[in-house]
Amino acid sequence: MNLLYIQDMPADAMAIAQAAKESADLAQFTVNNLWILIAAALVFIMHLGFSALEAGFVRRKNVVNILFKNAMIISIGLLTYALIGFNLMYPGINEGGFFGFGGFGLNPSPEDMTAAYADYTYWSDFIFQAMFAATGATIVSGAVAERIKLNSFLVFATLFVAISYPITGMWKWGAGWLDAMGFYDFAGSTIVHSVGGWAALAGIILLGPRKGKYTEKGIRPITGSSMPLAAIGVFLLWFGWFGFNGGSVLNADPELVSLVFTTTSLAAAAGAVGAFFCNYFMTKTHDLSMVLNGILGGLVGITASADSVSITSAIIIGVIAGIIIPISVTAFDKAKLDDPVGATSVHLVCGIWGTLAVAIFGNFDEGIGQFSDQLIGILSIGAFTFAFSFLVFWVIKVTMGLRVNSEEEEKGLDIMEHQMRAYS
Amino acid sequence: MNLLYIQDMPADAMAIAQAAKESADLAQFTVNNLWILIAAALVFIMHLGFSALEAGFVRRKNVVNILFKNAMIISIGLLTYALIGFNLMYPGINEGGFFGFGGFGLNPSPEDMTAAYADYTYWSDFIFQAMFAATGATIVSGAVAERIKLNSFLVFATLFVAISYPITGMWKWGAGWLDAMGFYDFAGSTIVHSVGGWAALAGIILLGPRKGKYTEKGIRPITGSSMPLAAIGVFLLWFGWFGFNGGSVLNADPELVSLVFTTTSLAAAAGAVGAFFCNYFMTKTHDLSMVLNGILGGLVGITASADSVSITSAIIIGVIAGIIIPISVTAFDKAKLDDPVGATSVHLVCGIWGTLAVAIFGNFDEGIGQFSDQLIGILSIGAFTFAFSFLVFWVIKVTMGLRVNSEEEEKGLDIMEHQMRAYS
Amino acid sequence: MNLLYIQDMPADAMAIAQAAKESADLAQFTVNNLWILIAAALVFIMHLGFSALEAGFVRRKNVVNILFKNAMIISIGLLTYALIGFNLMYPGINEGGFFGFGGFGLNPSPEDMTAAYADYTYWSDFIFQAMFAATGATIVSGAVAERIKLNSFLVFATLFVAISYPITGMWKWGAGWLDAMGFYDFAGSTIVHSVGGWAALAGIILLGPRKGKYTEKGIRPITGSSMPLAAIGVFLLWFGWFGFNGGSVLNADPELVSLVFTTTSLAAAAGAVGAFFCNYFMTKTHDLSMVLNGILGGLVGITASADSVSITSAIIIGVIAGIIIPISVTAFDKAKLDDPVGATSVHLVCGIWGTLAVAIFGNFDEGIGQFSDQLIGILSIGAFTFAFSFLVFWVIKVTMGLRVNSEEEEKGLDIMEHQMRAYS
Amino acid sequence: MKKIEAIIRESKFEDVKESLEGIGVNFFTFVEVYGHGRQKGDAVTYRGAVYDSGDIPRILIEIIVRDERLDEVVDTILETGRTNTIGDGKIIVTNVEKFIRIRTGESDEDAL
Amino acid sequence: MKKIEAIIRESKFEDVKESLEGIGVNFFTFVEVYGHGRQKGDAVTYRGAVYDSGDIPRILIEIIVRDERLDEVVDTILETGRTNTIGDGKIIVTNVEKFIRIRTGESDEDAL
Amino acid sequence: MKKIEAIIRESKFEDVKESLEGIGVNFFTFVEVYGHGRQKGDAVTYRGAVYDSGDIPRILIEIIVRDERLDEVVDTILETGRTNTIGDGKIIVTNVEKFIRIRTGESDEDAL
Ligand SMILES: Nc1ncnc2c1ncn2[C@@H]1O[C@H](COP(=O)(O)OP(=O)(O)O)[C@@H](O)[C@H]1O
Ligand SMILES: Nc1ncnc2c1ncn2[C@@H]1O[C@H](COP(=O)(O)OP(=O)(O)O)[C@@H](O)[C@H]1O
Ligand SMILES: Nc1ncnc2c1ncn2[C@@H]1O[C@H](COP(=O)(O)OP(=O)(O)O)[C@@H](O)[C@H]1O
């Protein structure tokens, strides 16, 4: 491609003009494609964010286990997505349908490497989408932490990333029925985050709470092993979100990408402030873990509408998401649904909120019609994902077993499942 | 925008040529804008850098507190900058003046999303500048750590980011009087770093040192809780600095941006080496915390001239900054000015050095004239910032109180202000 | 450059066409150059990755020392590379030769800042290559950790980065004899990683194992201080590898860069899975440190061929690299070659594997011919590097001494060499 | 007065604590120790090598009681500290010559 | 000889240490322990739930002294370890049958 | 029965442990403590200031033995714990009135 401008310019204007146009288009294609790749790298770093956050929120005796799970999830996720996930989510057939499969593996044609495919190449498309795919399972890993069997979890995660996530993803992003209907979810408040949250909920219900969390004396807080790790995780997630939302523009359009950067950051900031005040109002304390969750809540909340709301709306969406966090965390605890990292509050509840916010703040004329579209999307995807996850977890429970035994839980999964300690 | 090259090419050369020109210009605009956005994300990660560095340099009992402060600062900073900061710093009026205000909130016009605005969109401009804004307050948080009241600090930080930083920033970057005069500060050795340093100094003076730091037996070192955290912080700051300095080119100009990357990295490296030898010469030890500060000193030092000095000059600027660190840290301790993270030495002293270095090494013909311009900039901005910060801190001290009580300091801010522990 | 499109368009088609062509070419140059710079920043962050990984794998009493070494290596590396390394590696003379030197320092001409130089500027070229250079020494630091004298190591690292790495690098990337011969090593499985591994091996042999590692009772595991640090390190290395391999395309070619991102990620993922199963098969455990090494093994393995193999081949290369890890780690231990972080297994062994894989999976028609080319490259570079390193280490050993004394090793290098503790 | 040192399982600490409070003994000092005995430790596997330090984390509770209450306290610990599997730990009783409350200077019985 | 175990406040450790050195007792062994007693611990709030472990970090200083010096040392600790608020801690004195310096094998008084 | 408290060097722990097992004493409890005595600590230098806390990390081994074995065990520790340089540590012997195995309730000799 770079030969073009090294060779001598053709003499005639028309030829030069055409060559110029081609060069210009190629440059545009190159920058669009580059942005998708950089965004993919940023989404990748979110997996470190999740790993650090979860490692910081679990007890010292379960840190190796959570890190191990996260290292395997991203790996298994990428491989299964290459094998079947990508072609399940983007079958290229069954437009407006419920299911489609484009075949195993990845087989791009030469044109798929040009602007004829999209503003990016087939490979860019795959790697960007693949980085998203593993996210769902990572969300689950935090919620079921400190008590789930390693292998049981890995089996679930594999099936979840390989089958469940791509199918519901196809409904919208794969040009499926929800897309046809008018459901809108820019970067995946529902398609990625709620989906992870629903699976987490199913797991939590079937697993039951950690030993000693809910006593007759009330809720006994099980404090996380490392707040610095948790903070590192949240900052890295925010950082990665620039790629998660910014890349979802699917090209480097200056106006859209810069708008998305702005709405995303302001919603995250507003989430922190919302959680700060709501938590203080509820407990008269300054709980770092709540503020960190508040930031994530704001990010999840804005994800569905980052490209289509005003700055003010973004801030309102974020503040409300932040306010939701302490309320939701407390509510789940009241219901004795034990979630060590607050994944259900952050990804499920704020994911739903963000998806509904599209209809409230998004510049869609349909109004109430849009609202019902959003609701249908939330419910249909939620129902499928929860049912799928519950079933898989249940089958695992009755076959290989889901929860470690009481002694293993006491001593910790690190020493019992890995014969290692996180710190020496 | 991408429609352009999908539609059939117009038949006539002139039309094609014009279309080509437009496409080419759009591509150029897109890549310039993309770089500013990526730079903004890199500057964002500096906030994680600061958080980790400060958490590593304070004692275990104050780690949650410092993380909490940093999470809130970036959040409050972004919001206040959107509300008033941006329009205070870039009022678009009062060229050559001391103060201007463009009104509340952000209200871009459609043209502000095109090359008509700049090499980037209005949103890119805002988010890049907003990420800078919170930096100043973060610098302060480290210096006043381990003894300042949480709420008192948050109030100060808010006022500082919302009012003080934008006003002095306007003087130069907002086309104010210093800019008209010829003061040069490429990416903010003075406008960002010294400003943070002056505020830190005011806080330190009014707070007094941590209990037990200065005893009749001499200086009792209060060792940081985690050197790995500190090192992570410094590496991330260096990483983010590629965006801080590189983005300050304000477009993706190949020559300038690549020069800035090179001068910035070599100055940081030279800073490490300078601190290594100077510290060894002074104490016969290999103090990691000094080398880490040396890297930061080199980065702060080159920030004012990264785009306008030779490689050799960059290395000299960095080495001197590195040498300054151990000397300055010791000097502040001699003066019983207790700065747990060395923020005053890194950001204030090296910031001043870097700003003066512009006149010494920068390719400005004015020579001595430039030197006085630089001096005026340093002094005027320093005077305003120190006065503002001292006043605000003082008012807070006599109203809500500035320092935690002795028992709280003993037990640590984590348990007393947050009822949490950093590690469990 | 941006003036072009602000000024009024010239009236005549030919002029416009030419202007358009120039703008288009400039835009293309700008995006290519920007990618190299971003890639350089990503490679930089690999140094934090190495620091964290090594700090996590050594004992608490040696953490400051390893961080100190890494902070100095990147700094010294950048400076020496500017002084002589760059011009040793890219002498611009002696094509097809064994040695060349372009002179001290960096002296680009104005043309070196334009497309006339390459798809990137001279400065971009330097900073990208400079970030690579320090990597080799960082690999060594992990392998010789916990027992080598600080100053002795720094002397070695300086000579290694300044002389050894650039010379062998020149053989291939500097258009030397291996390049002429047809040896292929895309991003440096051999030129960077094996080179580091060979030096590590020389160091390990001359140093001997850590006290208490190999007892008559068998191998006594010396567990790392922090698995979270190690995991952070590996995720950051993976992240940085997008720049390491992606940037090695040397422009932003959409097809190639996106292919490299995909092959690199899938090989890393496959490495994790390979190590997971191989380690489980060998020890019936789930050792996080092995899976982390497996990811790195996959990354090192794909580095030589990331741009020239199919997805399937990439996965196979990664799986095999992952399988190699536990076998190799055990083998080195059997041979009583003590490598605290597994650098020799990851960088040396997997580096060799990756370089050979080029001939097996790469789309080179030569076939067996290619294989011998690869072998010659591996052996010649290995021989030179090992000899150089062994000699330098040996001279240091007989002059300033290589290993700390028994008491220092007992008490740890942090307190004995730095008078500091990593955690307080 | 007597000093009771009870070396118990980490996992039993909460139970023992409660049972002691049950009989009004809500004052004691404890420290995390390592035990070496019949019970073997958990093997650690790291990078291919297996190793059993043989050290088991335990809690050592130190309680000063007046002679009359000795048996009661000992029995309580025996009951709740027991799992009947190897490694339940030991109780060591020694004589205390003087016991003083720093705050008031009161000694012996009054210091309790 | 006697063994003095002083369970004191973390915040008082430096003072006690100095005062001991003041009377020439510059040798002792100490360990970080947790105390349970009248004084309540600091409540921990985490994710909406409040919890008071009731455990307070303390320092246990162990000093072996010759009988004659017992009272002097005890009094010194009583003085400097005191804040007169609940939770100042305790001093426990027990009898030592044998005290040996490992380096030389010297025992009792000579081992000091 | 007797209680032996041996305050030894961290670096000597493994050796002492082995030598004890050598004479069949494969049961004891130990804890990491800090020592203060003739031997000075390692100076810490941080940001230009030097400081010697004077505290040296040590291991305190607690062993309950039947009276007959006392000397044997003490001598073993004396031998293997020794480096003949200042700071080897101390051995403290006190009397045990009661020693009970929690698992079975057996006491004294039987509890060993
Ligand atoms: N002679 C001893 N001296 C001091 N502590 C001992 C002694 N014997 C056992 N212990 C402590 O009691 C713990 C349990 O003893 P062990 O022999 O493992 O089980 P059990 O007491 O049920 O027979 C050991 O881990 C150690 O901490
Ligand atoms: N009977 C006891 N046995 C052992 N330690 C005790 C006993 N009573 C108190 N302590 C220790 O002394 C500390 C202070 O006791 P506490 O009752 O809180 O205050 P005070 O001694 O001032 O009444 C406790 O935290 C505990 O560590
Ligand atoms: N009187 C004492 N009471 C309690 N512990 C002591 C006493 N004297 C020494 N120790 C412990 O023994 C250790 C070694 O004593 P030290 O005087 O340094 O060397 P040495 O025993 O060889 O003369 C000290 O660090 C301390 O832990």
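These numbers come from the heavy atoms of this one structure, side chains and all, not from hydrogens, waters or symmetry mates. Naming convention: chains lettered A, B, ... in sequence-line order (proteins, then strands); numbering from 1 in each chain.
Contact count versus chain C (heavy atoms, under 4.5 Å) is highest, among Val64(A), Asn33(A), Ile36(A), Leu37(A), for Leu37(A). Interface summary for chain A: among Leu292(C), Asp287(C), Leu42(C), the most heavy-atom pairs under 4.5 angstrom belong to Asp287(C). In terms of non-hydrogen atom pairs under 4.5 Å with chain A, the most contact-rich of Met227(C), Arg60(C), Arg59(C) is Met227(C). Note: Ile232(C) leads Thr263(C), Val234(C), Ile232(C) in heavy-atom pairs under 4.5 Å with chain A.
Only the side chain of Leu154(A) comes within contact range of chain C, with heavy atoms under 4.5 Å apart. Contacts between Asn107(A) and chain C at a heavy-atom distance below 4.5 Å are absent for every atom of the residue. Contacts between Ala55(A) and chain C at a heavy-atom distance below 4.5 Å are absent for every atom of the residue. Contacts of Val63(A) with chain C are made by side-chain atoms alone, with heavy-atom separations under 4.5 Å and no backbone atom involved. If you measure heavy-atom distances from Ala52(A) to chain C, you find no contacts under 4.5 Å at all. Using a 4.5 Å cut-off between heavy atoms, Val291(C) contacts chain A through its side chain alone, with no backbone atom that close. If you measure heavy-atom distances from Phe276(C) to chain A, the contacts under 4.5 Å come from the side chain alone. Heavy atoms closer than 4.5 Å to chain C are found in the side chain of Ser51(A), but not in its backbone. For chain C, the nearby part of Leu229(A) is the side chain; its heavy atoms alone come within less than 4.5 Å. Residue contact with chain A, scored on non-hydrogen atoms closer than 4.5 Å, involves the backbone and the side chain of Phe239(C) alike. When heavy atoms are compared at a cutoff of 4.5 Å, Ile315(C) approaches chain A solely by way of its side chain, counted from C-beta outward.
When side chains are defined from C-beta on, Leu236(C) counts as touching Ile45(A), because their heavy atoms get closer than 4.5 Å. In this structure the side chain of Gln28(C) never reaches within 4.5 angstrom of the side chain of Ser23(A), judged on heavy atoms. Side-chain contact between Met72(A) and Val273(C) is present, with heavy atoms from C-beta onward closer than 4.5 Å. Inter-residue side-chain proximity for Leu34(A) and Val31(C) is flagged as met; some heavy-atom pair is nearer than 4.5 Å. Inter-residue side-chain proximity for Trp35(C) and Ile38(A) is flagged as met; some heavy-atom pair is nearer than 4.5 Å. The shortest side-chain heavy-atom distance between Tyr423(A) and Pro228(C) falls under the 4.5 Å cut-off. In this structure the side chain of Tyr120(A) never reaches within 4.5 angstrom of the side chain of Pro254(C), judged on heavy atoms.
With rounding to the nearest 0.5 angstrom, the CD atom of Glu255(C) is 10.0 Å from the CG atom of Asp112(A). Atoms CD and OG1, from Gln419(A) and Thr223(C) in turn, are 13.5 Å apart once rounded to the nearest 0.5 Å. Once rounded to the nearest 0.5 Å, the distance linking CD1 of Ile311(C) with CH2 of Trp123(A) reads 4.0 Å. A distance of 5.5 Å separates CE in Met420(A) from CG in Leu288(C), rounded to the nearest 0.5 Å. Atom OG1 of residue Thr121(A) and atom CZ of residue Phe261(C) lie 10.5 Å apart, to the nearest 0.5 angstrom.
Between His286(C) and Phe68(A), the gap from one ring centroid to the other is short of 6.0 Å. Aromatic pair Trp238(C)/Phe44(A): centroids less than 6.0 angstrom apart.
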Legend entry - Ile127(A) vs Ser265(C), side-chain contact (heavy atoms from CB on, under 4.5 Å): CA-CA, chis, key distance, verdict: CA-CA 8 Å; Ile127(A) 198 67; Ser265(C) 293; 3.7 Å; yes
Inset, instruction - Tell me, with the steps shown, if Met14(C) and Ile16(A) meet side-chain contact (heavy atoms from CB on, under 4.5 Å). - result: CA-CA 8 Å; Met14(C) 179 54 125; Ile16(A) 300 179; 3.4 Å; yes
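Atom CZ of Arg147(A) sits in a crowded spot, with more than 12 heavy atoms from other residues, nucleotides or ligands closer than 6.0 Å.
Between the side chain of Thr285(C) and the backbone N or O of His418(A), no donor-acceptor pair lies under 3.5 Å.
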